[in-house]
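To start, the structure under review is shown below, and the notes come after it.
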Amino acid sequence: MAARALVAVSSRPLVLSHWTAAVVEGTDVLRTALGRLHVTFREPGARGLEKVVGHVLALDDEEIVERNGLLVTAIGRTVLDIAAGGTFMDGVVAADSALRNGLRPEELEAAIDLAGPRRAASRISRVMEFADGRSGSAGESVSRVTMDAMGIHPVLQRKHFDRDGFIGKSDFFFPEVKAVGEFDGRVKFFDPRYAPGGAAAVLWAEKVREDRMRAVNDGFVRWGWLEANDAHRLAPVLRAVGLRIPARF
């Protein structure tokens with residue numbers, strides 16, 4: 001709504017970019033970065049809009065697309081801009097989401113080539129290497145970054161079976177201790193889009209699934225946003241299933 005209002009009162013066409021473009025395109029981003037709108041201009045001297053971050057960067061025509069009546073940077077360029085202008089975690093959340101939503105890795109690589117040399121090249125490269133479309137949500141992406149800092153690199157979306165057949169996929173699997181880790185946000189239980197039968201139905205289905213998972217693995221732990229974003233809170237959760245975490249966490 002804020003982006004549409006900005007475009008409506010502008011005397012010139014605006015290209016929404018960075019976190020603002022991601023929101024328009026349906027790409028996950030961290031809420032902490034949504035305090036201001038982001039616009040990219042092709043030429044100097046176009047900055048100065050109140051409560052708007054104006055970036056002056058080269059933009060090729062094919063890096064600009066229309067989404068719901070708004071001009072935005074193409075998704076590959078959007079992810080690149082976030083990786084360049086934000087933290088490693090910002091970049092991973094956006095890149096994971098874009099890949100999960102159908103962006104192909106080669107398209108992301110092509111976006112980097114088209115944009116040319118950028119500051120924070122090492123962070124951009126690290127984000128692209130770390131990004132994984134199998135990460136099922138922003139919370140899982142944040143968890144992955146936090147675990148990476150602890151030297152923990154789980155298997156994503158591993159399939160589990162018992163004698164009754166397929167149980168489901170785990171968010172994280174730690175083969176060295178044969179344990180499952182699951183990130184749970186409130187949306188999973190209370191948002192009608194994900195819990196059409198209500199929280200009680202989701203909780204019961206999760207209990208049945210967890211019981212079956214526990215029966216075929218040696219450990220099972222869950223965590224939420226508080227732990228996902230804080231290594232010192234997540235470390236004891238992971239130690240509970242036998243993972244070795246550096247003492248500094």
Side-chain angles (χ1 to χ4, degrees), residues 17-35 38 73 75-109 111-112 120 122-159 168-175 179-191 193-194 221-235 237-238 243 245 249:
S17 63
H18 296 71
W19 288 268
T20 306
V23 170
V24 174
E25 293 167 323
T27 300
D28 288 341
V29 291
L30 298 177
R31 291 187 180 186
T32 52
L34 297 181
H38 291 258
T73 49
I75 184 60
R77 174 60 187 261
T78 299
V79 171
L80 169 64
D81 285 341
I82 291 174
T87 65
F88 176 63
M89 187 173 287
D90 284 317
V92 170
V93 169
D96 281 0
S97 177
L99 293 170
R100 181 167 64 249
N101 291 338
L103 183 70
R104 299 193 304 274
E106 55 268 29
E107 291 177 308
L108 200 49
E109 294 171 3
I112 296 175
S122 60
R123 181 168 63 245
I124 294 170
S125 177
R126 187 175 171 226
V127 166
M128 301 313 161
E129 291 175 2
F130 191 78
D132 195 322
R134 294 176 298 170
S135 189
S137 67
E140 291 177 37
S141 297
V142 171
S143 298
R144 289 205 307 124
V145 173
T146 302
M147 284 188 279
D148 180 65
M150 293 187 282
I152 303 298
H153 304 102
V155 176
L156 305 184
Q157 303 300 320
R158 184 182 188 274
K159 295 179 179 179
K169 297 178 181 179
S170 56
D171 295 344
F172 307 102
F173 180 70
F174 309 101
V180 167
E182 297 273 292
F183 169 83
D184 293 316
R186 287 177 57 85
V187 167
K188 179 177 182 178
F189 300 99
F190 297 103
D191 191 318
R193 293 173 298 173
Y194 304 96
V221 287
R222 294 182 182 273
W223 61 84
W225 277 106
L226 193 63
E227 296 81 13
N229 202 32
D230 186 337
H232 295 285
R233 293 179 182 273
L234 184 57
V237 176
L238 299 180
L243 286 168
I245 311 294
F249 296 108

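Given the structure is predicted, the values throughout are model-derived calculations rather than measurements.
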Self-check item: side chain to side chain donor-acceptor pair (under 3.5 Å) partners for R123, two or more places apart
Solution: none
Quiz item: Of all heavy-atom pairs between A98 and V79, which one has the smallest distance, and what is that distance?
Solution: CB-CG2, 3.8 Å
Quiz item: Taking the side chain as C-beta and beyond, is there a heavy-atom pair between M89 and T146 under 4.5 Å?
Solution: yes
Practice problem: Any chance you could measure L80, atom CG, to S17, atom OG, to the nearest 0.5 Å? | Solution: 11.0 Å
Quiz prompt | Residue pairs fulfilling salt bridge (charged side-chain N to carboxylate O under 4.0 Å, His left out) with at least one residue in residues 86-95, sequence neighbours excluded | solution = none
Practice problem: Please answer whether the main-chain N or O of L103 pairs with a side-chain N or O of E107 as donor and acceptor at a distance below 3.5 Å. | Solution: no
Quiz item: What are the two closest heavy atoms between S143 and F172, and how far apart are they?
Solution: CB-CZ, 3.8 Å
Do any side-chain atoms of residues 21-34 form donor-acceptor pairs under 3.5 angstrom with protein atoms, and if so which ones, sequence neighbours left out?
residue : atom : partner : partner atom : Å
E25     : OE1  : T78     : OG1          : 3.3
E25     : OE2  : I75     : N            : 3.4
D28     : OD2  : R100    : NH2          : 2.8

Self-check item: salt bridge (charged side-chain N to carboxylate O under 4.0 Å, His left out) partners of R144, counting only residues at least two apart
Solution: D96
Quiz item: Among pairs that include at least one residue of residues 131-154, which meet ring-ring contact (aromatic ring centres under 6.0 Å, His included), considering only residues two or more places apart or in two chains?
Solution: none
Practice problem: Check the pair F183, V142 against side-chain contact (heavy atoms from CB on, under 4.5 Å), reporting the backbone distance first and the verdict last. | Solution: CA-CA 10 Å; F183 169 83; V142 171; over 6 Å; no
Practice problem: Specify the closest pair of heavy atoms between A131 and A95, including all atoms of both residues, with the distance to one decimal. | Solution: CB-CB, 3.6 Å
Quiz item: More than 12 heavy atoms of other residues, nucleotides or ligands under 6.0 Å from CZ of R233: is that the case?
Solution: no
Exercise. Check the angle between the aromatic planes of H38 and H18 and answer parallel, tilted or perpendicular using the 30° and 60° thresholds.
Key: parallel
Quiz prompt | Separation between CG of L156 and CG of D132, rounded to the nearest 0.5 Å | solution = 5.0 Å
Practice problem: Kindly give the heavy-atom pair with the smallest separation between K169 and Q157, and that separation in Å. | Solution: CB-OE1, 3.6 Å
Practice problem: Please round to the nearest 0.5 Å and tell me the distance separating atom CE of M147 and atom CD of E140. | Solution: 9.0 Å
Self-check item: With S137 via side chain to side chain donor-acceptor pair (under 3.5 Å) - residues at least two apart
Solution: none
Quiz item: Roughly how far, to the nearest 0.5 Å, is OG1 of T87 from CD1 of I82?
Solution: 10.5 Å
Quiz item: Considering all heavy atoms of both residues, which atom of F249 and which atom of A235 are nearest to each other, and what is their separation?
Solution: CB-CB, 3.9 Å
Quiz prompt | Check against side-chain contact (heavy atoms from CB on, under 4.5 Å), M150 and L238 | solution = CA-CA 10 Å; M150 293 187 282; L238 299 180; 3.8 Å; yes
Self-check item: Donor-acceptor pair, side chain of N229 and main chain of W225, under 3.5 angstrom
Solution: no
Quiz item: Is the backbone of R126 close enough, under 3.5 Å, to the side chain of E129 for a donor and an acceptor to pair up by distance?
Solution: no
Practice problem: For residues G133 and L99, report the shortest heavy-atom separation together with the two atoms involved. | Solution: CA-CB, 3.6 Å
